Structures are given as C-alpha cells and as structure tokens.
Amino acid sequence: MAELVRFSVSLPRELASRFDQETIGRGFASRSEAVRDVMEHFLTEREWSTDETEVIGTVVIVYDHHDAELGRRLTRTQHKRPGSVVCMTHVHLDERWCMEVIVLRGRALDLREIADHLVGARGVRHGKLVCASLTDPEKAPA
Ligand code: NI
C-alpha cells in the first residue's frame with residue numbers, strides 16, 4: 001500500500017457539512033475517501049490540459065460587475081489571446097452579479113492558462129473550464 005500522509009485543512013463549517021452530506025453514506029466510506037476522490041478528479045482534469053492537444057472549451061464565470069478592476073482584467077485576459085477566443089455571451093443576473101460564457105479554441109495548455117486567469121481573478125464567485133478534444137479518435141495513434 002502507498003505511504004499515507006495526514007494533513008489538516010481549514011474551511012468554513014458550512015462547506016464541510018455540505019461536503020459530508022454529499023459524500024459520506026453516498027458511496028464514500030469516509031471524508032478521507034471523498035477528498036482522495038476529489039483530488040484524483042482535479043489532477044486528472046489538469047494533467048490532460050497541460051499538453052498541446054487541440055481542444056474547444058467554455059469558461060463560465062459569475063462575477064460582481066461593481067468591481068471595475070475585475071471587469072478590466074477579464075477583458076485584458078481575453079485580448080491577450082484574441083486567436084483563442086471564439087465568442088462570448090454576457091448575462092446580467094441581477095443588480096450585482098453577471099455571468100460570462102467564453103468559448104475558447106486552441107491548445108489545451110493555452111486554454112488552461114486563460115481559464116486560470118479568468119477564474120482566479122478576485123471577485124469571481126464561480127468559475128469553471130470545460131473542454132473537449134478536437135482530435136478525431138479514429139485518426140489518433142493507438
Ligand atoms: Ni452584466
């Protein structure tokens with residue numbers, strides 16, 4: 001068996017409680033097992049996105065439009081790689097929150113970098129990149 005490490009994590013009680021409710025007793029034997037599973041998923045998702053595979057993807061972000069600096073940063077990030085941005089849609093959710101859906105196309109590692117800049121910006125409440133490979137599986141080497 002692989003060597004195990006223990007570490008402690010600080011997080012809001014409400015988040016821990018929601019996580020436990022969604023995992024323990026629903027196929028996960030313990031919180032440790034659930035966290036291991038989440039970490040594996042996270043790493044798998046990131047590993048494939050560090051190569052030069054041609055992919056199409058969307059980044060969805062929900063952010064506070066009162067933060068002017070954030071708006072400028074989001075625009076700047078997209079202008080830095082105009083060839084990767086196919087199109088975007090902006091939805092005004094309410095007086096405070098906006099959602100932006102940005103369609104990207106290019107190398108997986110470039111899309112990951114753009115998405116990290118967008119999702120990681122202060123003031124972004126939710127953000128996620130979803131990608132699909134454009135490589136034809138029938139033409140890919142075995
Ligand atoms: Ni808006």
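What you see is a predicted model; the values in this text were computed from it and never measured. As the structure lists them, so they are numbered: ligands from 1, and atoms in each ligand from 1.
Atom CZ of R105 has 12 or fewer neighbouring heavy atoms from other residues, nucleotides or ligands inside a 6.0 Å radius.
There is no path of hydrophobic side-chain contacts, each under 4.5 Å, that joins Y63 to M99.
The two residues G27 and E33 come nearest to each other via the heavy atoms O-OE2, 3.7 Å.
Looking only at N/O/S atoms, H92 comes nearest to the Ni ion (ligand 1) through ND1.
Note: angle at the Ni ion (ligand 1), from SG of C98 to NE2 of H90, is 100° (rounded to 10 degrees).
The Ni ion (ligand 1) does not have H65 among its coordinating residues (no N/O/S atom, backbone or side chain, under 2.8 Å).
Between Q78 and the options L104, V59, I102, a side-chain contact (heavy atoms from CB on, under 4.5 Å) holds for only I102.
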